[in-house]
Amino acid sequence: MPAAAAPIISSVQKLVLYETRARYFLVGSNHAETKYRVLKIDRTEPKDLVIIDDRHVYTQQEVRELLGRLDLGNRTKMGQKGSSGLFRAVSAFGVVGFVRFLEGYYIVLITKRRKMADIGGHAIYKVEDTNMIYIPNDSVRITHPDEARYLRIFQNVDLSSNFYFSYSYDLSHSLQYNLTVLRMPLEMLKSETTQTRQESFDIFEDEGLITQGGSGVFGICSEPYMKYVWNGELLDIIKNTVHRDWLLYIIHGFCGQSKLLIYGRPVYVTLIARRSSKFAGTRFLKRGANCEGDVANEVETEQILCDASVMSFTAGSYSSYVQVRGSVPLYWSQDISTMMPKPPITLDQADPFAHVAALHFDQMLQRFGSPIIILNLVKEREKRKHERILSEELVAAVTYLNQFLPPEHTIIYIPWDMAKYTKSKLCNVLDRLNVIAESVVKKTGFFVNRPDSYCSILRPDEKWNELGGCVIPTGRLQTGVLRTNCVDCLDRTNTAQFMVGKCALAYQLYSLGLIDKPNLQFDTDAVRLFEELYEDHGDTLSLQYGGSQLVHRVKTYRKIAPWTQHSKDIMQTLSRYYSNAFSDADRQDSINLFLGVFHPTEGKPHLWELPTDFYLHHKNTMRLLPTRRSYTYWWTPEVIKHLPLPYDEVICAANLKKLIVKKFHKYEEEIDIHNEFFRPYELSSFDDTFCLAMTSSARDFMPKTVGIDPSPFTVRKPDETGKSVLGNKSNREEAVLQRKTAASAPPPPSEEAVSSSSEDDSGTDREEEGSVSQRSTPVKMTDTGDSTKVTENVVQPMKEVYGINLSDGLSEEDLSIYSRFVQLGQSQHKQDKSSQQLCSRCPDGVIKLSRTVFPDVWSSPPPPSREDEEMKAIHL
């Protein structure tokens with residue numbers, strides 16, 4: 001069946017900035033360099049931005065002639081060959097935008113990129129480096145003393161750290177939205193094409209279009225969801241004056257991709273996190289929600305599964321699952337001036353009608369449909385009321401809002417004190433989370449673009465038949481979303497999201513016919529690969545919001561983390577505290593300036609002079625809002641009519657206006673994803689191919705010994721995994737390098753640097769760098785000789801594993817330290833027992849504190865008992 005529609009590929013992917021004294025000429029071309037567009041930027045205006053787009057599509061020969069004439073016309077003397085009148089300033093891959101502080105405008109260009117993922121042939125790139133160029137000429141420049149300081153603050157937002165873009169795939173929307181748009185009925189597309197042609201002011205837009213029946217393909221380009229676009233304010237000034245191909249929207253968050261090999265069949269697992277640009281900021285400076293319902297640390301995480309053996313969106317198999325994290329949608333904050341590790345939580349405003357929560361959940365119903373499921377992980381029982389304040393207020397808000405919603409679309413609230421269950425020795429945290437995950441995925445369903453396979457009809461599974469969502473002839477749609485939160489939405493939230501994602505991954509694999517039951521077990525290659533993706537995802541988001549990597553990981557909650565992990569956790573806690581206390585204020589100023597929340601203005605206070613940014617993010621403090629929402633009918637009327645389907649994906653007049661539809665020839669470059677992906681016109685190296693460089697389950701996780709079952713769904717012992725058989729230090733470093741993805745700001749070290757590094761360097765430093773992944777770093781595989789050595793050294797010497805040889809016996813100093821820790825543990829155990837007895841005696845929960853006498857644990861150690869000697873002998 002021929003494709004009804006295809007995404008439009010941007011024709012501006014390579015840029016060259018040429019400079020004369022009076023103008024900049026920005027020449028953009030597609031990747032094949034067959035079509036060119038030119039922007040003319042005036043440099044004689046000191047404070048205004050004058051951009052002219054002639055909207056003409058040039059050929060390569062026409063551009064050469066144009067540049068030749070410009071070079072000739074701008075020479076100081078006519079016919080002079082020695083000096084050029086046109087200088088090549090910089091080469092780039094996209095325009096981030098234009099920004100002005102107190103002087104003239106700057107242009108921000110992407111000068112270096114790196115491919116991070118591939119979805120249906122559509123490449124996703126990470127911004128690796130940028131260049132900021134001042135536009136006005138020095139002769140007309142009006143200097144200001146504070147310009148340099150604003151420039152430094154703006155550049156504090158490191159654009160080379162976790163910013164992503166694509167020329168053909170809309171990263172601000174989910175895969176479900178993007179593929180739903182492509183499957184619109186042909187009648188709708190034809191009517192939209194006519195309207196676009198009538199309203200278009202580009203006279204070359206439909207040049208040479210053949211409108212014979214069935215000979216063309218519809219190209220679709222949708223408006224981005226601006227909540228997740230981070231350069232929207234920077235592009236706003238040119239949005240209505242230039243062709244849409246010049247507008248390159250970037251998102252901030254995380255993007256990682258790994259390859260799951262199932263008996264040679266490649267399946268790509270992709271994780272994309274979109275951080276909201278509304279009410280964005282750092283940990284203690286942005287809490288709760290603003291007056292428009294935007295919450296702090298709001299991130300939409302989407303896991304995409306695709307069969308890489310078929311690339312096309314129309315013929316291939318694709319599945320996705322979306323979940324959200326975000327701060328508790330209330331007016332609350334924490335005062336960091338006290339310099340406490342856990343500042344007290346205060347509710348800033350009374351909100352008896354849950355106005356802010358209503359705005360927030362209305363946005364979620366519009367984007368995700370119903371049901372909205374809240375998984376609240378904050379502490380429920382505390383000696384001193386701290387996190388419980390948020391739980392009580394959130395319960396009251398959800399209860400109030402639910403009484404007006406139709407019963408079938410009410411908000412589902414699941415409270416679960418994860419910290420309490422973690423401390424308990426009787427409860428398994430992940431087992432309980434798995435039960436919650438199963439019920440959540442059954443309610444929301446997931447997206448898959450193909451109908452149920454015939455084998456699932458012949459051998460129906462009980463869990464599969466209970467699955468929710470919306471079943472359509474072409475597959476399934478996810479309706480509703482899980483919204484997870486704790487206080488910071490970092491450590492506990494990431495583990496809970498991983499468990500829900502693992503449960504959804506099993507259903508996704510089952511829907512694509514890759515496993516026989518929708519079940520995945522721990523300690524399989526597939527789950528290890530997925531867990532590593534989620535840890536990189538959690539580390540990245542934690543660095544962006546909290547200033548450090550994750551403190552508690554999935555292994556911590558499984559209680560299988562190595563003893564070295566505890567010291568790392570302490571270091572991450574200290575790093576987070578230092579970042580929150582000393583550097584978060586500067587980072588918050590940078591984010592406010594970059595996102596256009598604050599605009600520098602002559603005669604008004606500067607950014608660093610403001611006592612607080614509260615008024616910048618809460619617009620109702622500066623002016624009265626035009627309309628007041630109803631306290632009972634708190635939702636948008638159009639949204640409630642189409643539930644459980646999300647209103648954004650419903651085919652209606654309002655949503656059709658957000659689309660640009662054009663008709664192309666069948667093999668036009670703007671819609672030919674085959675040429676865009678394979679690029680037959682350029683010489684490519686097999687070793688540099690992206691699909692070989694990405695993390696693979698067969699290479700990085702599967703055991704290297706012969707005769708092992710190659711299935712990624714086989715449960716393996718810890719000593720059988722591909723990473724644990726790496727015996728010597730250099731091989732461990734290579735494994736760390738292979739996991740590198742775009743989680744950390746600095747670029748990954750080169751192979752030469754790693755091989756020449758000293759063996760005496762601190763191992764912890766290397767491990768901390770490796771815990772943050774740069775997934776597309778190509779690393780050469782070890783040869784067969786190395787692999788045989790690796791398999792021979794599976795049983796490592798005791799000294800290499802533990803640092804000491806336990807069979808040699810302990811020194812007197814080590815024995816005294818051991819005895820002190822034993823005594824400390826025994827005294828702590830006695831205290832715990834006495835406190836439990838006190839709690840059971842006091843029915844009202846009030847404990848009377850008495851003076852506790854602590855033993856002198858630093859006195860000389862007592863002689864070991866017979867039991868201690870036997871225990872020591874067993875360990876040895």
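Owing to the predicted nature of the structure, the values given are computational and were not obtained by experimental measurement.
When atom types are taken as modelled, the side chain of Arg483 and the backbone of Ile373 share no donor-acceptor pair closer than 3.5 angstrom. Remark: the backbone N or O of Arg388 is paired with a side-chain donor or acceptor of Glu382 at under 3.5 angstrom. The main-chain N or O of Asn162 is found under 3.5 Å from a side-chain atom of His252 such that the two form a donor-acceptor pair. Counting only distance, with no hydrogens or angles, the side chain of Gln588 and the backbone of Ala280 share a donor-acceptor pair below 3.5 Å. Glu393 places no side-chain N or O within donor-acceptor distance of the main-chain N or O of Leu330, the cut-off being under 3.5 Å. The backbone N or O of Tyr534 lies less than 3.5 Å from a partner atom in the side chain of Asn494, making a donor-acceptor pair. Side-chain atoms of Gln334 come within 3.5 Å of backbone atoms of Pro343 as a donor-acceptor pair (strictly under, hydrogens ignored). No donor-acceptor pair closer than 3.5 Å links the side chain of Gln323 to the backbone N or O of Val500. Formation of a donor-acceptor pair under 3.5 Å by the Asn402 side chain with backbone atoms of Ile411 is found in this model. Checking side-chain atoms of Glu380 against main-chain N and O of Lys420 turns up no donor-acceptor pair under 3.5 Å.
Using cut-offs of 30° and 60° for the angle between ring planes, the His617 and Phe279 rings count as perpendicular. Ring-plane geometry between His618 and Phe614 is classed as parallel, the angle between the planes falling under 30 degrees on a 0 to 90 degree scale with a further cut at 60.
By the neighbour-count criterion of 12 heavy atoms within 6.0 Å, atom CZ of Phe404 is densely surrounded, having more than that number from other residues, nucleotides or ligands. Within a 6.0 Å radius of CD in Gln403, more than 12 heavy atoms belonging to other residues, nucleotides or ligands are found. Within 6.0 Å of the CD atom in Glu392, the count of heavy atoms belonging to other residues, nucleotides or ligands exceeds 12.
For Ser333 and Asp348, the side-chain atoms include at least one donor-acceptor pair closer than 3.5 Å. Side chain to side chain, Arg287 and Asn297 fail the donor-acceptor criterion of an N or O pair below 3.5 Å. With hydrogens and angles left out, the side-chain atoms of Gln366 and Asp362 include no donor and acceptor closer than 3.5 Å. Checking Glu438 against Tyr507 by side-chain atom types alone, a donor-acceptor pair falls below 3.5 Å. Asn376 and Ser391 share a side-chain donor-acceptor pair at under 3.5 Å.
With salt bridges taken as basic N to acidic carboxylate O contacts below 4.0 Å, none links Arg553 and Glu531. Ion pair Glu298/Lys278 not flagged as a salt bridge, since none of the NZ, NE, NH1 or NH2 atoms sits closer than 4.0 Å to an Asp/Glu carboxylate oxygen.
Minimum interatomic distance between Gly326 and Asn485 (heavy atoms only, all atoms of both residues): O-CB, 3.2 Å. Summarising the geometry of Val328 relative to Cys486, their closest heavy-atom pair is CG2-O, 4.3 Å, with the distance given to 0.1 Å. Across all their heavy atoms, Gly469 and Thr479 have their closest contact at CA-OG1, 3.5 Å. Across all non-hydrogen atoms, the minimal contact from Arg283 to Asp488 is NH2-OD2, 2.8 Å. Pairing each heavy atom of Leu520 with each of Lys502, the nearest pair is O-NZ, 3.0 Å. Shown here for Ile251 and Ala273, the closest heavy-atom pair between the two residues is CD1-O, 4.4 Å.
The distance from the OH atom of Tyr177 to the CD atom of Glu649 is 8.0 Å, given to the nearest 0.5 Å. With values rounded to the nearest 0.5 angstrom, Trp230 atom CH2 is found 5.0 Å from Ile591 atom CD1. Of the inter-residue distances, the one linking Ile515 atom CD1 with Leu505 atom CG reads 7.5 Å to the nearest 0.5 angstrom. Atom CZ of Phe498 is separated from atom CZ of Phe530 by 6.5 Å, given to the nearest 0.5 angstrom. From Asn290, atom CG reaches atom OH of Tyr331 across 7.5 Å, with rounding to the nearest 0.5 Å.
Listed by chain and residue number, Lys443 satisfy the side chain to side chain contact (heavy atoms under 4.5 Å, CB included) test with Ser439 (two or more places apart in sequence, or in another chain).
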Decide ring pair (Phe, Tyr, Trp, His ring centres under 6.0 Å) for Phe353 and Trp634; before the verdict, give the C-alpha distance in whole Å, the side-chain angles of both, and the deciding distance to 0.1 Å.
CA-CA 10 Å; Phe353 301 105; Trp634 52 266; over 10 Å; no
Begin from the C-alpha positions of Tyr633 and Ile640 and carry the test side chain to side chain contact (heavy atoms under 4.5 Å, CB included) through to its verdict.
CA-CA 10 Å; Tyr633 297 100; Ile640 208 79; over 6 Å; no
Take Leu405 and Trp635 through the side chain to side chain contact (heavy atoms under 4.5 Å, CB included) test and state the conclusion after the steps.
CA-CA 9 Å; Leu405 276 174; Trp635 54 82; 3.8 Å; yes
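Geometric assessment of Lys286 against the ring of Tyr545 yields a negative cation-pi assignment under the 6.0 Å and 45° thresholds.
Residue Arg492 is tested with Val487, Leu375, Thr484, Thr422 for a side chain to side chain contact (heavy atoms under 4.5 Å, CB included); the sole match is Val487.
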